[in-house]
Amino acid sequence: MNGHPGAMTLGFNEPLIFDRSVPGRDGASLPRLDVPQADPEQLFTPALCRKQPAALPEVSEPEVVRHFTRLSTWNFGVDHGFYPLGSCTMKYNPKLNEWAARLPGFASMHPATPTHLAQGPLQLMWELERMLAEISGMHAVSLQPSAGAHGELTALMVMRAALKRRGDARRKVLIPDTAHGTNPASVALNGWEVVPVRSTDKGLLDPESVRSAMASDVAALMLTNPNTLGLFEKDIARICAIVHEGGGLVFGDGANLNAILGRARPGDYGVDAMQFNLHKTFSTPHGGGGPGSGPIGVVAELAPFLPAPRPVRRDDGTFALEHPGDAIGRVRSFFGNFGIMVRAYTYLRELGAPGLKQVSDMAVLNANYLLHLIQEHYHVPFGDGRCMHEVVACDRDMANGISTLDVAKGLIDRGFHPPTVYFPLVVKGALMCEPTETETRETIEAFAAALIDIAQQAAADPDALHHAPQRTRISRLDEATAARRPVLKAP
Amino acid sequence: MKNPDDIKYTKSHEWVRVEGNTATVGITKFAVDQLGDVTLVELPAMGETVTAGDGMGTIESVKAVSDLYAPINGTVCARNDALEEKPELVNDDCFGAGWMVKVELAEESGVDALMDAATYDEYLDSLD
């Protein structure tokens, strides 16, 4: 496997930190208590007080540092290598964002600081809201939701409040079969009901199927654009118009906003509410690397219902917090994941408007280049040889019954994070690759070469692929038994 | 594996064995092959009314979570509770020990709309 970035080096074993624990050992040296000791049972409800000390591991500081450093070497992150996890937009997280988020004025600010002493953070939030509104063509933005699915739910709650104001008790939501699983989950949490809509054999939503599904009890359509097949819904404006004519609202899932930044605005094509995944589109850390953030944008009719408190700028240029009477309330303690907002703000200020256009241009170009490089070896069922920001291939043409799972495991041996697999469900054995704009031409070529290498190995030596990965600390896991009989406690 | 010709089928890959006024329901070999290793089966409650074409449960596999659709109209009168401990029965014996529920048929049961094995085989050929 010469030429691939994956290589074997000495790794470290590491037990659970509890297994390192020795009674009496610790890593902290506290000064002697110089005030009278308080009795917790006097301060708190006695029933809530611990009767025995917490079973924390007793370890020294170097043991803690080595423990987590070693565990980190078992991990694979975007700082290690190419991470084409489709639909997740695993772009590189610029270090400049980390610098800004660590500025003491932001990082050390207590969330309960009085507003007159928190003008900087309030200004940043107010400006970020306006930038997101401008990018999306939305009237107003709330930064409160903690992540994408939380944003979906919040937007649906806002829609429900707005429909109630219209005197409308609609509760069905149309969702195409290409949707992310979070969409129907958000609908259910909002107490509404899902009506699935089939996409066409071109992988797109047909305005006529929306027209025939539209009824007086349909509250909304939830639509991701570009959709999870990496295709732009070309009839989006007509689809939105049909929903509006039927008295419904349109939720635009912003999960794939990276493909259209600066080129198309959901508000311009008829979307009434959407969420932004700051941890995807706006380069903030992702997965285990940091919390998400899922602001929502809405049109003017929905704006009064956005969660409170809302940052506002007064006439004298100072910033304050408002609690509008129609707001649905809080959906999150304090203000949301503020440190993530600082990172996204930094990213937007660094790139500016022309930079954002380049982001989406390069994201789409990279995905199309990858598609071009692999299409002779991997079947790509939709899009007629074109895509937006991601390419959805599949295992149909693999020799000897090699499956998408085998391809994914083979990629690990070659030093790449696998793409998203078996999603979207409308593609059998889907391999959903999203390179993002931050990857170089050379990286995309190396990844395509690894995929082609696997296709050739499928024909020449399928058994080796069935046993991949071989070069990792632990080879192929028995995922079925892990899911059927999970062991959730250390023995 | 051949699809047994003494049972009926749906386009969403459930099978139905009608005996008297009761129908046993499971998922087909094709469905099992698509799902991969089944890890969790959620079945409707005893006595629940099910409607043909509507979801009545979920099947979770290592690949995906899928709906289990009711193939006919009726009332749930038995559940294969063994699947709770051993979801792998669905993989090992989908037409036998991996059955899901028994349904007492409603008057308008919808059984006539189901496919026979030959029609289902043709339908499978028409997919990709």
Side-chain angles (χ1 to χ4, degrees), chain A residues 87 172 175 177-185 187-188 193-196 198 201 203 228 379-382 393-398 401-409 418-432 466 476-488, chain B residues 1 10-14 27-44 49-70 80-94 97-98 100 123-128:
Chain A
S87 221
K172 288 195 172 154
I175 300 186
D177 53 9
T178 50
H180 291 104
T182 50
N183 288 179
V187 169
E193 204 180 308
V194 176
V195 180
R198 283 186 82 100
D201 56 2
T228 59
H379 179 58
V380 178
F382 293 104
C394 68
D395 58 5
R396 193 194 75 177
D397 296 344
M398 290 292 100
I402 287 296
S403 69
T404 284
L405 187 71
D406 299 320
V407 174
K409 302 296 185 189
T420 295
V421 293
Y422 300 109
F423 183 84
L425 302 176
V426 290
V427 174
K428 203 169 126 187
L431 276 158
M432 187 194 208
H466 284 309
R476 189 171 305 200
L477 298 168
D478 181 351
E479 293 170 15
T481 303
R484 284 170 182 162
R485 279 175 264 289
V487 179
L488 302 174
Chain B
M1 186 195 280
T10 66
K11 283 191 171 178
S12 47
H13 311 290
E14 286 86 15
I27 62 170
T28 66
K29 181 74 171 60
F30 178 85
V32 170
D33 288 345
Q34 294 296 300
L35 289 167
D37 292 315
V38 173
T39 56
L40 187 78
V41 181
E42 279 186 333
L43 300 173
T49 307
V50 297
T51 308
D54 285 0
M56 63 168 181
T58 53
I59 304 172
E60 202 168 321
S61 76
V62 289
K63 289 185 196 169
V65 181
S66 311
D67 282 319
L68 170 66
Y69 293 100
N80 187 358
D81 289 321
L83 299 181
E84 201 169 311
E85 285 296 311
K86 291 190 148 190
E88 56 269 36
L89 290 174
V90 180
N91 293 98
D92 298 343
D93 187 11
C94 65
M100 307 237 154
Y123 170 66
L124 290 184
D125 286 341
S126 75
L127 304 174
D128 80 31

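Note on naming: letters A, B, ... go to the chains in the order of the sequence lines (proteins, then strands), and numbering restarts at 1 for each one.
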* Structure fact -> Heavy atoms of A:R484 and B:N91 approach each other most closely as NH2-OD1, 3.0 Å

* Heavy atoms only: give me the nearest A:A480-B:T39 pair and the separation to one decimal. => O-CG2, 4.0 Å

* Could you tell me which portion of B:E88 (side chain, backbone, both or neither) has an atom closer than 4.5 angstrom to a non-hydrogen atom of chain A? => both

* How long is the span from the CD atom in A:E479 to the NZ atom in B:K63, to the nearest 0.5 Å? -> 11.5 Å

* Asked: In this structure, are over 12 heavy atoms from other groups packed under 6.0 Å from A:R485 atom CZ?
  -> yes

